[in-house]
Amino acid sequence: AEPLGVHVRAIDIGGGYVAVEAADVTEAHRVARVRRDFVANVSHELKTPVGALQLLSEALQDALSGGEAGDSVPDEEAVARFADRIRHESARLSRLVSELLELSRLQGADPLPEPEPCSVDRIIAEVIDRSRTAANAKEIEIKALGERGLVAYGNEGQLVTAVANLVENAVAYSPEGTRVDVESGATDEAVWIAVRDEGIGIEASDLDRIFERFYRADRARSRQTGGTGLGLAIVKHIATNHGGRVDVTSTVGRGSTFTLRLPSRSSEQG
Ligand code: ADP
């Protein structure tokens, strides 16, 4: 049950009088609970790959000494398989740790330091470059579309991180041979970058939860793709830090579109 959200304190103010002070601490309780849940989640998320690494290294040792046969002839096929899974789990663990650090940096961040003009073309080119290996492995074509020469105001490194997370997801949650479009455009108030895929899509009931830390629509698939459940939480923080927002539309089996909107400088200046 939720703890009572009121603290009451009696103060003897002399002359036979007592003052009663009541403070509403409901919000403080809520923040404390969110923090407790987060720490519990982090511990759980860290324990899973660490546990897997422990088991896998034992299995590897076993395979090196011949496994079931016990004849000290390494079972090379098993050794290769376990080594590969150890590499996969440690990559995931390392990603988890860096994304947690990134998230905590963003959460502690003051509103953006002096926003700089950033070339949207350059951001998109950098993102496509980073995702090329993963996309090629699935024969996914990533295309930059839309208006060229746009300028967004903000922190270029953060904007690249945000768009890269969206493109990485688009690739991860799409079947082979599909395409991913990164389109940019501008309205009077905003510069937008949309990432559109022809992937598995997202159930309507998951749509408003996917931006929560650690929320994954399909845990098993996210694990397979090396996902941490933090990518979209990071995107949302970056959007908010920039005074913008991120939205999603999706149809199961058809694909998803994530749109990052950043206020243009003119609206900021009023
Ligand atoms: P993850 O590391 O699991 O990808 P994210 O925070 O980036 O974590 O995304 C949260 C969840 O949202 C994913 O686990 C997945 O279920 C869903 N998701 C995100 N992007 C897409 C997409 N482009 N297509 C389908 N599902 C997606």
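Just so you know, ligand 1 is whichever comes first in the structure, and atom 1 is the first atom listed for that ligand. Everything quoted here is computed from the prediction, not taken from an experiment. Every heavy atom of this structure was used, including side-chain atoms; hydrogens, water molecules and symmetry mates were not.
Of the N or O atoms in Ile200, none lie within a sub-3.5 Å distance of an N or O in ligand 1. Checked by distance only, ligand 1 and Thr228 come closer than 3.5 Å through their nitrogen or oxygen atoms. At least one N/O-N/O distance between Gly231 and ligand 1 falls below 3.5 Å. Residue Leu232 has at least one N or O atom closer than 3.5 Å to an N or O atom of ligand 1.
Regarding atom 12 (O) of ligand 1, its nearest protein heavy-atom neighbour is Ile210 CG2, 3.4 Å. Here the protein heavy atom with the shortest distance to atom 7 (O) of ligand 1 is Asn169 ND2, 2.8 Å. Residue, atom and distance of the protein heavy atom nearest to atom 14 (O) of ligand 1 are Arg216 CG, 3.1 Å. In terms of protein heavy-atom proximity, atom 3 (O) of ligand 1 is closest to Ser222 OG, 2.7 Å. The nearest protein atom to atom 26 (N) of ligand 1, hydrogens excluded, is given as Ile202 CG1, 3.3 Å; this is a heavy-atom distance. Counting only heavy atoms of the protein, atom 1 (P) of ligand 1 lies nearest to Gly229 N, 3.4 Å. Protein heavy atom in closest approach to atom 23 (N) of ligand 1: Asp197 OD2, 2.8 Å.
Under a 4.0 angstrom heavy-atom cut-off, Gly201 registers as being in contact with ligand 1. For the pair Asn165 and ligand 1, no heavy-atom separation below 4.0 Å is found.
A salt bridge is absent between Arg122 and Glu126; no separation between the charged side-chain nitrogens and carboxylate oxygens falls under 4.0 Å. Classification of Glu45 and Lys47 as a salt-bridged pair fails, no side-chain N sitting under 4.0 Å from a carboxylate O. Ion pairing of Arg216 with Asp218 is absent here, as no side-chain N (NZ or NE/NH1/NH2) approaches a carboxylate O to less than 4.0 Å. A salt bridge is defined here as a Lys NZ or Arg NE, NH1 or NH2 lying under 4.0 Å from an Asp or Glu carboxylate O, and Arg81 with Glu77 meets this definition. The pair Glu183-Arg196 meets the salt-bridge criterion, since a charged nitrogen lies less than 4.0 angstrom from a carboxylate oxygen. A salt bridge is absent between Arg179 and Glu139: the closest approach of a Lys/Arg side-chain nitrogen to an acidic carboxylate oxygen does not fall below 4.0 angstrom.
Side-chain contact check for Glu99 and Thr228: at least one donor-acceptor pair (N or O, by modelled atom type) lies under 3.5 Å. No hydrogens or angles considered: nothing links the side chains of Asp121 and Ser119 as a donor-acceptor pair under 3.5 Å. For the residue pair Asp206 / Tyr215, a side-chain donor-acceptor distance below 3.5 Å is found, with atom types taken as modelled.
When heavy-atom distances to ligand 1 are checked against a 4.0 Å cut-off, Ala217 comes that close through both its backbone and its side chain. Contacts between Phe258 and ligand 1 below 4.0 angstrom, taking non-hydrogen atoms only, involve the side chain exclusively.
Of the candidates Phe211, Tyr173, Tyr215, Tyr173 brings a heavy atom nearest to atom 21 (C) of ligand 1.
Distance alone, capped at 3.5 Å, places no donor-acceptor pair between the Ser174 side chain and the Val171 backbone.
Proximity to Leu230 (heavy-atom distance under 4.0 Å) selects the following atoms of ligand 1: 6 (O), 8 (O).
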